[in-house]
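Chain naming here is simple, since letters A, B, ... match the order of the sequence lines and numbering starts at 1 in each.
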Amino acid sequence: MRWVNRHVRRREAVLIGAVPILLLVLLYLFLAAQRHAINPLDKILPLPGGMAEGMANLLFNTDQLTGKIIFWADTFASLQRLGIGLGIATLFTLLIGLVLGVLPPMRATFGPLVTVIAVIPPIALLPILFIALGLGETAKVALIVIGIAPVMIRDITAYVSGLPREQIIKAQTLGASSWQIMIRVALPQAMPRLLHAMRLALGPAWVFLISAEAIASDIGLGYRIFLVRRYLSMDVIIPYVAWIALLAIAMDAVLVLISKRMFPWAHGAGH
Amino acid sequence: MRWVNRHVRRREAVLIGAVPILLLVLLYLFLAAQRHAINPLDKILPLPGGMAEGMANLLFNTDQLTGKIIFWADTFASLQRLGIGLGIATLFTLLIGLVLGVLPPMRATFGPLVTVIAVIPPIALLPILFIALGLGETAKVALIVIGIAPVMIRDITAYVSGLPREQIIKAQTLGASSWQIMIRVALPQAMPRLLHAMRLALGPAWVFLISAEAIASDIGLGYRIFLVRRYLSMDVIIPYVAWIALLAIAMDAVLVLISKRMFPWAHGAGH
Amino acid sequence: SKAPDPQTEARTEFNIGWSIYAGWMPWPYAQQAGIVKKWADKYGIKINVVQVNDYVESINQYTAGKFDGVTVTNMDALTIPAAGGKDTSAIIVGDYSNGNDGILLKGANALADIKGRQVYLVELSVSHYLLARGLEKAGLKPTDVKTINTSDADIVSAFGSPDARAAVAWNPQLSVMKGQTGVTEVFNSSQIPGEILDLMVVDTATLKANPNLGKALAGIWYETVALMQRQDSKGKEARAAMAKLAGTTPESFDSQLSTTYLYTDPKAAVAATSDPALLKTMMQVRDFSFKKGLFQGASSADAVGMAFPGAKTLGDPGHVMLRFDESFMKMAAEGKL
Amino acid sequence: MSALLSLSNIWVEYGDKIVIENVDLDIEEGAFVSIVGPSGAGKSSLLRIILGQEIPTRGTILLDGQRLGGECGPDRGVVFQRYSVFPHISALRNTMFGLECEQAPLSARLFGTAHKAAKAMAMEMLDAVGLADSMHLYPAQMSGGMQQRLAIAQALIKRPRILLLDEPFGALDPGIRADMHALITRLWNDYALTIIMVTHDIREAFKLGTRVLALDKRRHDPDAPHRFGATAVYDLALRNRKDRAAGEELVAASLTPKIDANPNTKESIGHG
Amino acid sequence: MSALLSLSNIWVEYGDKIVIENVDLDIEEGAFVSIVGPSGAGKSSLLRIILGQEIPTRGTILLDGQRLGGECGPDRGVVFQRYSVFPHISALRNTMFGLECEQAPLSARLFGTAHKAAKAMAMEMLDAVGLADSMHLYPAQMSGGMQQRLAIAQALIKRPRILLLDEPFGALDPGIRADMHALITRLWNDYALTIIMVTHDIREAFKLGTRVLALDKRRHDPDAPHRFGATAVYDLALRNRKDRAAGEELVAASLTPKIDANPNTKESIGHG
Ligand SMILES: Nc1ncnc2c1ncn2[C@@H]1O[C@H](COP(=O)(O)OP(=O)(O)OP(=O)(O)O)[C@@H](O)[C@H]1O
Ligand SMILES: Nc1ncnc2c1ncn2[C@@H]1O[C@H](COP(=O)(O)OP(=O)(O)OP(=O)(O)O)[C@@H](O)[C@H]1O
Ligand SMILES: [Mg+2]
Ligand SMILES: [Mg+2]
């Protein structure tokens with residue numbers, strides 16, 4: 001059978017997909033063991049035992065100041081920032097992407113501005129951000145939003161403006177106004193693509209979150225990573241990064257599920 | 001006329017699109033003037049005069065070491081890194097995206113791995129990256145590639161695997177093998193989307209370039225920005241950022257042009 | 001990780017990492033002015049002086065074995081490579097911070113006013129140490145303030161935000177932050193002289209296998225420092241070049257130098273290194289670090305041993321990881337290089 | 001002028017290519033115009049121009065004496081040749097779309113009794129096109145003919161003043177096609193619609209239309225085959241059955257194939 | 001068994017819905033099978049199953065006595081109901097595609113004389129479908145009928161053993177349709193193809209086919225209209241003109257509309 005036709009069943013896919021990830025983990029363990037054979041005190045690629053030790057403190061001891069377990073407090077703080085940032089970015093994307101995508105004059109007017117904002121590296125202009133938004137949660141959330149929203153907006157704008165012209169014409173012959181076209185034709189069809197854009201934005205969103213937490217913070221997964229980076233505590237950094245990856249993959253899976261549940265027409269093969 | 005139908009002519013679009021950007025510049029000038037009225041020594045929002053002074057040194061004096069004008073040397077170094085990074089990422093995307101998109105078993109096997117890599121924030125693992133790849137150009141280029149390629153790969157994979165099934169069937173009835181489907185059906189149709197993905201990746205690519213240059217470098221636009229950041233020299237940072245934006249927009253325009261020239265079928269409205 | 005350990009082999013090429021700080025600018029200048037090549041040639045070796053823009057990353061790279069030597073403060077030498085199990089020798093004590101680190105407050109002019117504020121600083125760095133020493137002197141408890149970890153690259157702009165009302169920083173950032181309106185420096189390192197040392201450290205095993213590396217480095221350092229101390233046009237030119245390398249103006253660089261106590265004379269450096277006061281300083285630094293949990297997993301502050309000139313040690317003598325080695329400075333003092 | 005729609009000197013060009021050349025046409029209110037012509041002659045292009053989807057390169061179109069500004073509205077309904085319905089909503093919602101847009105300018109959704117009434121209307125229309133059982137299917141779950149019927153239902157429910165149909169019955173079997181003929185004739189009579197229909201079935205054109213327009217290439221220049229510049233070669237008004245029979249013969253004969261057909265084929269043309 | 005294609009007890013179900021129920025069918029090599037039936041009965045589904053695009057929920061298909069494994073290959077050509085051609089290449093390249101894949105396994109592109117030969121073949125085929133003047137157009141620049149003809153040319157150039165056509169002439173005017181009939185008949189004769197064609201034009205079915213299959217719903221249960229389970233209600237082998245005429249009348253009568261038609265409609269059925 002040709003490879004293009006070999007479809008993999010759901011359950012098998014999960015198993016097959018896990019193999020390369022396991023191999024990656026094994027490769028890591030092998031390299032780590034090798035380094036440790038040469039230098040038992042190697043810090044760069046800690047062994048699982050070392051990571052367990054490194055994490056024990058964060059997982060089982062409560063912080064004196066807050067009375068919370070550090071690991072969970074970090075997780076909670078970061079997830080909150082990420083969630084708010086992703087939420088705001090998505091909302092912006094939906095609003096701006098739809099308006100720019102459906103209405104050509106708006107696209108001509110604001111499209112270039114969005115492009116300019118998208119290509120300005122926000123981390124280069126942090127000082128201005130700090131002055132405008134302070135150093136608290138707002139600034140961190142804002143950095144995430146500024147980091148991911150422009151890309152998402154450009155993607156959704158391109159998608160909406162690329163909807164078949166027949167559909168827009170058809171809607172107009174059925175009496176739809178620009179607004180009605182926006183909410184009844186463009187919006188629902190943009191939703192699956194929006195969820196796709198959110199999935200793609202998850203990686204960058206974590207990057208910006210960590211950057212924000214590295215700049216000025218006292219809690220959060222990124223804060224902890226940058227704090228212990230001083231001591232090359234890879235025994236903490238690697239579990240934290242793995243945890244971030246796990247959280248992100250869970251979010252990704254949820255987004256896929258939502259898309260399949262709520263927009264079956266976008267996934268059903270049809271003919 | 002309904003707003004959905006108001007199409008803007010090419011030349012007008014350029015003019016209209018410039019307005020919000022000019023307004024943004026004016027807003028900046030207004031705020032800067034206001035701050036300078038309160039504190040003539042304000043460093044955070046420099047006036048154009050201040051920026052000219054700040055840049056003069058970098059623009060007109062040659063560096064003793066290299067004998068080059070710093071501004072151009074920075075620009076050249078950064079563009080080279082960015083170009084190589086973007087090029088490699090695009091190549092990877094094309095190869096991996098096509099294979100994963102066209103061949104379901106490959107997608108089942110490596111799709112999850114790509115997702116994992118996509119959601120791991122590379123800046124959290126910088127120590128490992130720099131240790132593995134050294135502090136030279138390789139690591140900087142690699143950071144860009146790791147930063148942008150997974151998102152691009154996921155996008156192209158999703159696009160290719162979403163090509164109408166009829167096309168794949170049709171190609172097979174015409175005798176095409178998996179390989180031939182890949183190069184004759186999937187590849188050319190993925191190209192416009194690839195260029196779109198590259199455009200969206202430009203912003204993040206600059207972010208990663210600057211992050212890499214911030215940590216280990218002695219030349220480059222990002223290096224200079226982080227160097228003078230210690231002195232809050234916004235009079236240099238802002239022109240540099242504006243220059244980055246200009247370069248990025250030029251690249252964006254080139255990518256649009258290439259797409260329109262080489263793949264007219266993807267842009268022509270048809271009916 | 002090749003079969004023969006590169007650190008115990010005699011080699012001819014070495015990498016030395018540095019990051020921007022007033023007291024370390026002689027290194028890149030020496031490279032630029034050909035002083036590095038001159039001394040390296042003399043000992044038949046090659047030395048690459050590599051800039052790392054991010055201070056922490058430069059130490060990480062050293063700890064990971066990518067650099068044979070690196071510029072670092074005494075506290076970070078102890079808590080990062082040494083505590084991480086890398087046997088490290090401090091062969092050049094270049095200077096101590098004599099006002100290059102400071103505590104800044106907005107709208108207040110006494111250190112005691114820091115109570116209850118959020119303090120922006122690079123956590124677990126010499127800034128943190130300075131804050132601890134300051135609080136101690138002001139009779140405050142560490143819990144009287146709340147620290148916010150801030151990256152050294154961003155601390156200047158962060159302090160520009162109205163949210164930030166207290167910060168600890170080092171130069172050059174400190175001088176910029178001090179210049180903002182309503183900001184007062186309420187404590188600085190000149191009040192704890194000799195406690196924050198800026199060093200050139202190298203891997204002990206590499207140094208043992210290649211003593212020429214130590215000699216070359218000492219030679220480079222003292223020739224360069226002597227040059228920059230000159231008040232004639234040559235010295236001025238050298239300082240201007242360093243200022244440029246640091247991304248600042250000659251005036252600002254000179255002012256930073258004025259708060260740096262440079263041991264221009266190798267004899268002075270030897271004396272400072274051999275002074276029992278260093279033991280006391282390092283004990284203080286060590287206790288602070290241990291309290292902050294920087295000796296990962298160690299059960300006592302003695303876990304990481306230190307050695308000083310005259311075979312004196314501090315902590316576990318069976319696990320000496322940081323050695324203050326005055327021998328190369330002494331050679332320079334005696335003109336034996 | 002009493003003409004509802006008046007085209008004068010219409011040209012459609014794509015670069016160098018001339019598709020429609022100098023078409024003049026007046027269409028009365030209440031007419032049922034059938035357009036026939038060979039594939040690629042420009043029938044769909046003409047329809048798109050009347051719809052307002054495209055602007056002719058030359059010439060003017062007046063609707064009620066007003067110039068058409070390249071915009072389409074609820075006064076003109078359309079069924080495209082490649083029957084396109086909204087892929088993201090069910091057959092029922094596709095059919096209700098027009099009613100919802102009309103009655104709920106803001107939300108474009110109906111609730112309560114308004115919703116019930118609209119749903120009843122839509123279901124009646126779906127029943128008329130034979131899709132009553134399939135109202136909850138998404139377009140991708142429907143056969144080609146079902147999608148085409150859905151597109152017809154979607155357009156008809158609005159009872160537009162002018163209805164533009166581009167080969168609306170192309171994918172339908174004879175039985176359902178006859179039903180559709182009946183339906184469209186009834187709506188045309190009851191609501192005094194004006195209908196312009198493109199079809200390649202000459203019998204259908206003559207059966208339904210009150211006027212048949214044959215569009216054909218004006219030039220067959222081998223050096224510039226793309227500059228054919230189609231125009232109306234016949235324009236027949238039909239008042240009675242005799243008109244129809246005569247016209248059908250005339251048009252069928254004029255639009256016969258240009259390539260030599262084999263005997264088998266010839267025979268069939270005799271039938272047609 | 002000498003049958004080229006042998007379907008036994010084929011079922012197609014979508015969840016609860018039964019589309020095709022218990023279809024048994026043997027098709028001889030060289031046959032020209034026409035499939036007719038009402039819209040939505042499952043004609044395209046049946047074709048998709050023979051093509052290998054879909055796998056039946058029950059039953060087996062044998063091709064040359066070998067089980068079909070849900071894969072299609074160059075032995076079966078297809079023209080889909082919604083004529084889909086590759087949008088990113090010109091008409092000429094669309095037509096050459098099959099030749100290029102066959103002759104250049106690695107690059108799927110031809111150069112030099114091989115390219116010239118393939119191009120000549122493709123141009124001949126394009127000429128046969130009347131697209132010689134349009135060979136450099138992209139599909140989006142073509143009319144509906146032109147795209148359909150391109151799809152036909154693309155499939156025919158490969159001369160597949162089994163050719164599956166789903167309403168291939170639906171968007172064509174009578175003139176070009178007759179040309180296409182001639183073309184397909186000639187290729188069928190010359191290359192001994194086996195052709196399975198779905199059409200809603202009963203006359204076409206009987207004119208071209210050597211065998212006509214009428215697919216229709218088996219049940220009309222008002223409580224479960226979706227479980228209609230279509231199957232072959234007629235299967236007529238045609239040897240001569242009398243067979244054809246008789247069969248045509250039979251099938252046309254059995255597939256008449258179920259809804260009461262108005263007088264106007266009735267009349268047309270008399271014609272059909
Ligand atoms: N994914 C699906 N889910 C549910 N029903 C489906 C799906 N796909 C097809 N069907 C149903 O299968 C039936 C047969 O469809 P098919 O396309 O085979 O009809 P057809 O005979 O080709 O009709 P037409 O002449 O209109 O093209 C239809 O009733 C359709 O609703
Ligand atoms: N974008 C374009 N560029 C060039 N030519 C075009 C373009 N769009 C349409 N054409 C040409 O316009 C002509 C008329 O197309 P149109 O769709 O109006 O034909 P039609 O009469 O509807 O044919 P059919 O019966 O096959 O649907 C065709 O020859 C087509 O090639
Ligand atoms: Mg048409
Ligand atoms: Mg069908």
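Heavy atoms closer than 4.5 Å to chain B are found in the side chain of Leu24(A), but not in its backbone. Using a 4.5 Å cut-off between heavy atoms, Val151(B) touches chain A through backbone and side chain atoms alike. Proximity to chain B is absent for every atom of Ala253(A), based on heavy atoms less than 4.5 angstrom apart. If you measure heavy-atom distances from Phe226(A) to chain B, the contacts under 4.5 Å come from the side chain alone. With a 4.5 Å cut-off on non-hydrogen atoms, Ile169(A) does not touch chain B at all. Residue contact with chain A, scored on non-hydrogen atoms closer than 4.5 Å, involves the side chain of Phe208(B) exclusively. Residue contact with chain A, scored on non-hydrogen atoms closer than 4.5 Å, involves the backbone and the side chain of Pro20(B) alike. Only the side chain of Arg193(A) comes within less than 4.5 Å of a heavy atom of chain B; its backbone N, CA, C and O stay farther away. Ala176(B) touches chain A through its backbone: at least one of N, CA, C or O sits under 4.5 Å from a heavy atom, while the side chain does not. In this structure, chain B has a heavy atom under 4.5 Å from the side chain of Leu45(A), while its backbone stays farther away. For chain A, no part of Leu247(B) is nearby; none of its heavy atoms comes within less than 4.5 Å. With a 4.5 angstrom heavy-atom cutoff, Ile237(B) touches chain A only via side-chain atoms. Neither the backbone nor the side chain of Arg9(B) comes within contact range of chain A; no heavy atom of the residue lies under 4.5 Å from a heavy atom of that chain. Contact annotation for Leu103(B): both backbone and side-chain heavy atoms come within less than 4.5 Å of a heavy atom of chain A. Only the side chain of Ile181(B) has a heavy atom closer than 4.5 Å to any heavy atom of chain A. In this structure, the portion of Ile131(A) lying under 4.5 Å from any heavy atom of chain B is its side chain and not its backbone. Both the backbone and the side chain of Pro105(B) come within contact range of chain A, with heavy atoms under 4.5 Å apart. Heavy-atom distances place the side chain of Arg35(B), and not its backbone, under 4.5 Å from chain A. When heavy atoms are compared at a cutoff of 4.5 Å, Leu232(B) approaches chain A solely by way of its side chain, counted from C-beta outward.
Ranked by heavy-atom pairs shorter than 4.5 Å toward chain A, the options Thr115(B), Val241(B), Leu15(B), Ile244(B) are led by Val241(B). Heavy-atom pairs under 4.5 Å with chain B peak, among Met106(A), Arg199(A), Met152(A), at Arg199(A). Residue with the most contacts toward chain B among Ala248(A), Gly203(A), Gly17(A), Pro121(A): Gly17(A) (heavy-atom pairs, distance under 4.5 Å). Comparing Val14(A), Ile249(A), Leu202(A) by how many heavy-atom pairs each has under 4.5 Å with chain B, the most go to Ile249(A). The candidate from Leu23(A), Val102(A), Leu209(A) with the greatest count of non-hydrogen atom pairs under 4.5 Å with chain B is Val102(A). Residue with the most contacts toward chain A among Val8(B), Val207(B), Leu200(B): Leu200(B) (heavy-atom pairs, distance under 4.5 Å).
Residues Thr109(A) and Val19(B) have side chains not in contact (no heavy-atom distance under 4.5 Å, counting atoms from C-beta outward). Side-chain contact between Met251(B) and Val119(A) is absent, with no heavy atoms from C-beta onward closer than 4.5 Å. Side-chain contact between Asp155(A) and His196(B): present, with at least one pair of heavy atoms (C-beta onward) separated by less than 4.5 Å. Here the side chains of Ile128(A) and Met234(B) are in contact, with some heavy-atom distance below 4.5 Å. Using a 4.5 Å heavy-atom cutoff, the side chains of Phe130(A) and Ile44(B) are not in contact.
The distance from atom CZ of Phe110(B) to atom CD1 of Ile16(A), rounded to the nearest 0.5 Å, is 10.5 Å.
Checking side-chain atoms of Ser178(B) against main-chain N and O of Val4(A) turns up a donor-acceptor pair under 3.5 Å.
Here the closest non-hydrogen pair linking Ile123(A) and Arg229(B) is O-NH1, 3.1 Å. Counting all heavy atoms, side chain and backbone alike, Ile225(B) lies closest to Ala124(A) at CD1-CB, 4.1 Å.
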